[in-house]
Number of protein chains: 2
Amino acid sequence: MTMTDSKQWTTETVAADLERAVHEHRLPPGTKLGEDELGEAYGISRTIVRAALLALSHRHLVELKRNRGAFVAQPSVREAREVFEARSLLEPRTARSAAERMTPAALDMLRANIAQEHEALDSGENGRALFLSGQFHVELARIADQSTIEGIISELISRSSLIIALYWRRRAALCETQAHHALLDAFAARDGALAEQLMKSHLLDLVASLDLRNVTQPPTSLREALQR
Amino acid sequence: MTMTDSKQWTTETVAADLERAVHEHRLPPGTKLGEDELGEAYGISRTIVRAALLALSHRHLVELKRNRGAFVAQPSVREAREVFEARSLLEPRTARSAAERMTPAALDMLRANIAQEHEALDSGENGRALFLSGQFHVELARIADQSTIEGIISELISRSSLIIALYWRRRAALCETQAHHALLDAFAARDGALAEQLMKSHLLDLVASLDLRNVTQPPTSLREALQR
DNA sequence: GTCGGCATAATTGTATACAAACTTGTGACC
DNA sequence: GGTCACAAGTTTGTATACAATTATGCCGAC
């Protein structure tokens with residue numbers, strides 16, 4: 001995308017565009033997001049770019065360093081654990097609610113999502129597959145009819161994408177769709193208790209597939225990182 | 001406070017100042033927050049004010065209406081229910097963790113908080129009491145050593161303050177400190193299970209003390225509100 | 001040859017100017 | 001007398017200019 005489109009970019013659309021790029025791992029953690037650079041890319045002034053970066057920083061997807069600029073966030077091991085702790089408090093119960101409120105239309109949406117994810121994986125679009133996998137979780141909150149929780153989960157999912165970029169161990173891409181398939185069955189059966197349990201396991205599996213030993217920790221300072 | 005202080009206001013301090021004013025009910029829901037007005041009050045340009053308002057809008061404390069300006073948010077009954085639903089998923093388990101990690105120093109902080117709240121209530125500073133009551137909950141997440149959850153709860157607490165401003169039913173100011181006292185005992189005993197249960201009840205009591213019937217709903221439009 | 005200081009360049013922080021949109025008040029026409 | 005159209009004024013939206021800060025490259029001193 002050459003970005004020289006005649007599209008009218010707003011703070012929200014720019015922020016959404018950037019968030020998706022981060023979510024799909026097209027913008028890796030640590031990437032510098034220069035204001036002039038982005039402004040020129042989108043064909044807008046720094047004013048809008050700054051507002052979008054501010055929005056992303058509030059979602060913890062971008063880190064603003066004073067007088068230094070904006071960078072795609074690099075969640076610490078600590079933060080990674082905390083994000084999944086929060087998800088484990090919110091998502092299982094939300095999955096239960098979703099199961100109890102499941103409708104045929106919602107079920108179709110979820111099936112379509114999984115199908116799209118398979119497509120993406122088959123054509124090697126790993127970033128897109130990861131994004132769709134996240135959308136599955138957000139969709140559940142929407143089905144549960146909890147827009148506030150949906151907003152929170154949406155942020156946690158995006159942050160999880162950064163965490164995966166940094167700490168993913170094996171590329172067991174299957175486990176994702178497998179877990180979602182199992183959840184789908186529970187939803188089809190409107191089995192809330194099962195859905196809650198499956199989601200709980202799913203999140204534990206996710207954390208287990210990360211390498212969260214404090215060893216390769218964030219280079220807090222170059223001083224620390226280099227002097228052995 | 002005449003605001004003509006020589007203090008150097010930044011985006012963050014202005015946002016924090018405004019958030020506290022909202023939290024303490026000095027700025028009621030629906031209040032217009034004009035940019036020029038605020039800029040003059042703090043002695044800064046609209047640039048900083050806009051950034052602060054943007055931050056508050058991301059926390060759902062301020063509603064930005066395009067070409068209309070910023071207003072202190074007026075959570076709907078729907079949103080009120082959702083906020084307490086989210087809190088009920090996060091806070092009980094967080095209270096349990098806090099109890100398990102409780103230290104003498106943390107216990108003293110909580111005791112001091114309750115004491116300050118009593119002071120405020122005695123001197124009729126209801127807004128300050130409400131703020132301190134909220135701080136108690138945020139402090140628990142800090143003690144649980146979950147800064148991510150702390151951030152989420154902090155926002156939910158501030159939104160709860162708006163909800164209370166709109167939907168509070170009876171003046172049972174006591175119930176708050178009573179519940180916090182009970183929690184304190186559980187913390188002193190390091191009884192995680194009890195703390196979790198008490199927090200669950202506390203939140204249910206809070207919701208019960210609200211008038212969330214859809215009757216006196218938000219005047220979606222004046223048209224609706226006036227033609228009987 | 002290396003270290004330190006200084007100057008230059010680049011980038012972000014803030015204020016302000018101007019454009020666009022909405023609100024409100026006035027007046028003419030029905 | 002009421003309604004609609006238009007115009008003035010106010011407020012927000014966006015771009016840009018300038019200031020402040022940081023990064024970088026250069027040069028001289030040791």
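Convention: sequence-line order gives letters A, B, ...; per-chain numbering from 1.
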Quiz item: Nearest 0.5 Å, what's the OG1-CD distance between Thr31(A) and Gln74(A)?
Solution: 8.5 Å
Exercise. Can you figure out which of dA15(D), dT14(C), dT12(D) approaches the side chain of Asp36(B) most closely?
Key: dT12(D)
Quiz item: Roughly, in whole Å, what's the span from CD1 in Ile48(B) to C1' in dA20(D)?
Solution: 13 Å
Self-check item: Pair Asp145(A) + Arg78(B), salt bridge at N-O below 4.0 Å
Solution: yes
Quiz item: Given that Leu33(B) and Ile44(A) both sit by DNA chain D, which one's nearest nucleotide is further toward the 5' end?
Solution: Leu33(B)
Quiz item: Hey, is Arg111(A) close enough to Asp108(A) for a salt bridge, meaning N to O under 4.0 Å?
Solution: yes
Quiz prompt | Heavy-atom donor-acceptor pair, Ser160(B) side chain to Leu156(B) backbone, under 3.5 Å | solution = yes
Practice problem: Verify the contact: side-chain N or O of Lys65(B) to OP1 or OP2 of dG13(D), cut-off strictly under 4.0 Å; return yes or no. | Solution: no
Quiz item: Arg46(A) CZ to dT16(D) P: how many Å, rounded?
Solution: 11 Å
Quiz item: Rounded to the Å, how far apart are Arg50(B) CZ and dA15(D) P?
Solution: 12 Å
Quiz prompt | Atom-to-atom span, CD of Glu63(A) to P of dT12(C) - whole angstrom | solution = 15 Å
Exercise. Over 60° means perpendicular and under 30° means parallel, so classify the ring planes of Phe131(A) and His23(A), tilted if in between.
Key: perpendicular
Exercise. Return the nearest nucleotide to the side chain of Lys32(B); candidates are dT11(D), dA15(C), dT14(D).
Key: dT11(D)
Practice problem: Provide, to the nearest angstrom, the distance between the CD atom belonging to Glu35(B) and the C1' atom belonging to dC22(C). | Solution: 14 Å
Quiz item: Pick the nucleotide of DNA chain C nearest each of Gly69(A) and Thr47(A); which residue has the one closer to the 5' end?
Solution: Gly69(A)
Exercise. Measure the distance from CG on Leu53(B) to P on dG13(D) and round it to the nearest whole Å.
Key: 10 Å
Practice problem: Give a yes/no answer on whether the side chain of Arg68(B) brings an N or O atom under 4.0 Å of OP1 or OP2 in dA21(C). | Solution: no
Quiz prompt | Atom pair distance, as rounded to whole Å: CG in Asn67(B) and C1' in dT23(C) | solution = 12 Å
Quiz prompt | Verdict with supporting geometry, Glu85(B) and Arg81(B), salt bridge (charged side-chain N to carboxylate O under 4.0 Å, His left out) | solution = CA-CA 6 Å; Glu85(B) 174 70 17; Arg81(B) 283 196 233 272; over 6 Å; no
Quiz item: Can you check whether Arg66(A) has a side-chain N or O nearer than 4.0 Å to OP1 or OP2 of dT14(C)?
Solution: yes
Self-check item: Consecutive-pair stems (3 or more, Watson-Crick or G-U, under 3.5 Å) for DNA chain D
Solution: C:1-30 with D:1-30
Quiz item: So does Glu37(A) pair up with Lys32(A), basic N to acidic O under 4.0 Å?
Solution: no
Exercise. Find the distance Leu54(B):CG to dT14(C):P and express it as a whole number of Å.
Key: 15 Å
Exercise. Report yes if at least one side-chain N or O of Ser45(A) is closer than 4.0 Å to OP1 or OP2 of dA15(D); otherwise report no.
Key: yes
